[in-house]
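Here is the structure we will look at, set down as structure tokens.
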There are 6 protein chains.
Amino acid sequence: MTALVKMETDGATNARVQAVFDDIKHTRKVTWINNFWRVLAAHAPTLERIWANVKQVMSPGALDPLTKEMIYIAVSATNNCEYCIHSHHAAAMKAGMTEEQFAELLAVVGLANETNRLANGYRIPIDEQFKPKT
Amino acid sequence: MTALVKMETDGATNARVQAVFDDIKHTRKVTWINNFWRVLAAHAPTLERIWANVKQVMSPGALDPLTKEMIYIAVSATNNCEYCIHSHHAAAMKAGMTEEQFAELLAVVGLANETNRLANGYRIPIDEQFKPKT
Amino acid sequence: MTALVKMETDGATNARVQAVFDDIKHTRKVTWINNFWRVLAAHAPTLERIWANVKQVMSPGALDPLTKEMIYIAVSATNNCEYCIHSHHAAAMKAGMTEEQFAELLAVVGLANETNRLANGYRIPIDEQFKPKT
Amino acid sequence: MTALVKMETDGATNARVQAVFDDIKHTRKVTWINNFWRVLAAHAPTLERIWANVKQVMSPGALDPLTKEMIYIAVSATNNCEYCIHSHHAAAMKAGMTEEQFAELLAVVGLANETNRLANGYRIPIDEQFKPKT
Amino acid sequence: MTALVKMETDGATNARVQAVFDDIKHTRKVTWINNFWRVLAAHAPTLERIWANVKQVMSPGALDPLTKEMIYIAVSATNNCEYCIHSHHAAAMKAGMTEEQFAELLAVVGLANETNRLANGYRIPIDEQFKPKT
Amino acid sequence: MTALVKMETDGATNARVQAVFDDIKHTRKVTWINNFWRVLAAHAPTLERIWANVKQVMSPGALDPLTKEMIYIAVSATNNCEYCIHSHHAAAMKAGMTEEQFAELLAVVGLANETNRLANGYRIPIDEQFKPKT
């Protein structure tokens with residue numbers, strides 16, 4: 001597959017792009033830049049914006065990084081984003097996900113996709129007990 | 001909203017349905033049956049099958065119950081299943097999810113849905129480093 | 001719910017709209033026009049085009065009308081189109097769908113949605129035996 | 001494409017996996033195991049559970065096997081599961097689907113995906129006549 | 001419908017929330033805050049982040065604001081986000097969208113959703129002529 | 001990738017197919033037929049129907065052709081239709097889309113996909129101000 005825009009090489013870019021690439025390497029303690037960022041580099045405002053979002057949302061908080069990576073995989077498998085499944089599977093493995101955890105994760109993803117359609121297909125009314133209290 | 005099939009009442013059902021309802025109450029330590037199961041009761045083989053699946057997949061394993069509930073919400077919000085968002089939000093709250101965790105969960109869900117489309121829209125090629133080793 | 005455009009009333013419309021409404025009644029042997037067509041009537045070219053498509057695609061052919069209605073429900077439940085689930089459930093019932101058939105239909109829809117995500121999530125390679133011969 | 005987990009070979013597996021593989025061959029009267037099951041074999045509880053589901057849901061009932069396979073394709077084409085489209089297209093062909101039936105199937109799938117968005121985009125209210133009677 | 005978190009009232013909020021609310025009013029020249037922001041206000045980092053994104057992405061650039069609003073509607077109708085369809089329909093009307101343009105927009109959205117499934121369902125190979133040049 | 005049906009060659013087809021191919025070349029001022037039409041040619045009624053739809057919907061109207069192509073890409077990126085992204089990206093480039101416009105288009109698509117899930121996940125109620133007046 002070839003991207004629809006030219007991918008920046010790591011190391012020969014304009015100053016705005018280089019600043020983001022440097023911050024990615026520093027923040028993640030990695031020595032290379034993966035294709036996602038090299039493609040977004042074709043539009044500096046998008047590169048800066050998305051990196052700022054990822055940095056804020058994926059950093060440790062009330063949820064730990066591994067849980068966040070698994071949620072990312074759950075969404076990506078539901079939407080069938082091949083790139084995102086691969087990159088976040090790699091990130092989750094690095095964060096310590098076991099094969100058993102990955103299997104249970106996909107089991108929940110599969111089951112939720114199934115029951116989502118049963119609930120929608122049958123038009124099941126929401127129980128009063130589940131509705132939020134004002 | 002009214003379901004497309006008649007909902008079973010809790011307590012006045014055939015033997016197969018009653019056996020599942022009893023097991024739901026026993027397993028979950030609840031005293032009432034929510035609409036999802038009362039609708040599936042219109043087709044006993046489906047009721048038995050889905051309950052067996054939920055019981056196996058959602059029980060504690062390599063992932064804890066709260067993480068599983070949050071993955072369920074991630075999928076349901078991505079697919080927009082109103083019933084499932086409500087019921088699994090309730091289950092996650094019962095399992096101890098805080099408002100902060102819910103906010104971070106939806107933040108990851110939103111961001112993943114965004115970057116899924118950037119990766120797909122730009123047709124970003126998968127890095128060799130992310131591909132599984134044979 | 002109120003539609004985002006004004007719904008035509010059945011009987012007080014312009015000539016192009018009336019011609020489609022008359023053909024719908026004649027073709028389907030019904031005496032009223034459902035909201036889908038009354039909303040599309042806000043844009044005559046769309047009304048004419050979509051009706052021509054529905055008339056061609058949903059008429060009996062290599063597949064019988066009930067099978068076509070069930071396929072319509074399968075797609076609509078997967079996408080969660082509330083209007084389409086209701087209208088095609090009604091059409092399928094009229095075409096003779098039993099409660100047992102509806103239950104089996106949704107069971108297949110649910111299972112397919114589940115295994116779709118297992119196949120995509122695990123990135124399962126396609127067997128040579130399944131690939132089309134040139 | 002390489003799967004994210006190691007695929008079991010047919011014939012050199014643990015006892016739980018082998019039992020499912022044997023039942024697949026016996027039930028379907030086939031002599032080989034396709035990749036879907038070889039990947040699920042990485043997690044025996046998932047393999048056993050999904051096979052039990054497929055066996056129950058896809059067996060002849062109120063709907064015949066070919067109709068069920070076509071519904072499976074309808075969902076898989078809507079979700080764009082490449083593996084599932086290929087495997088269920090093969091299964092449907094084996095069950096007797098003609099090229100004409102396949103063409104009409106995809107025509108309905110395409111049209112339903114179109115009208116789903118017209119109904120949702122215009123926010124078309126559900127006709128009283130389509131609502132289920134209590 | 002009631003939101004799953006408490007909605008902030010406009011005017012009685014903490015300083016971070018109030019700063020965003022003020023900027024929304026100033027930027028958009030409006031005198032009230034719509035529910036989307038009042039719900040996100042339950043988690044200040046999300047409120048600030050999403051508003052910064054919307055402000056950057058939706059401001060005039062290489063594409064004019066009306067085109068951007070129509071793209072927003074196209075995505076929201078495809079995903080069936082009821083809230084987003086309503087709010088961006090209102091924004092597009094305010095930006096000058098005519099009923100004719102809205103009708104053509106939904107016509108394209110419907111057709112694209114149809115041909116997406118025909119292309120995916122038939123597994124149509126990409127023409128060499130369409131592939132990006134390195 | 002190989003299509004699931006035999007692709008017609010351009011120039012050696014039956015009369016109905018040839019008539020559509022000729023009209024495509026004439027209308028679009030092109031000298032070759034892309035794979036989408038060569039695959040649909042396996043079922044003449046579908047080929048004729050879809051071409052008639054595309055011809056009507058995508059011709060200049062209240063929206064200009066480039067805006068229509070961009071809406072097509074927005075839907076195709078949301079659904080992840082690889083073929084459609086490539087073919088409509090090529091069409092949009094031919095219609096004059098700049099790299100900057102493409103970047104802004106995907107930025108809106110990504111953001112809309114994100115906020116769609118925030119609105120759905122939080123179950124945000126629609127503001128009275130956004131509801132259509134009867």
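Chain letters run A, B, ... following the sequence lines, proteins first and then strands; every chain starts at 1.
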For residues Leu4(A) and Ile85(F), report the shortest heavy-atom separation together with the two atoms involved.
CD1-CG2, 3.8 Å

Exercise: identify the closest heavy-atom pair between Thr46(A) and Ala103(F)
OG1-O, 4.5 Å

Under the 3.5 angstrom rule, does the side chain of Asn80(F) hit a backbone N or O of Asn80(A) as a donor-acceptor pair?
yes

Per-residue contact mode, Arg123(F) against chain A (heavy atom under 4.5 angstrom):
neither

How many angstroms lie between NZ in Lys6(A) and CD in Glu99(F), if you round to the nearest 0.5 Å?
9.5 Å

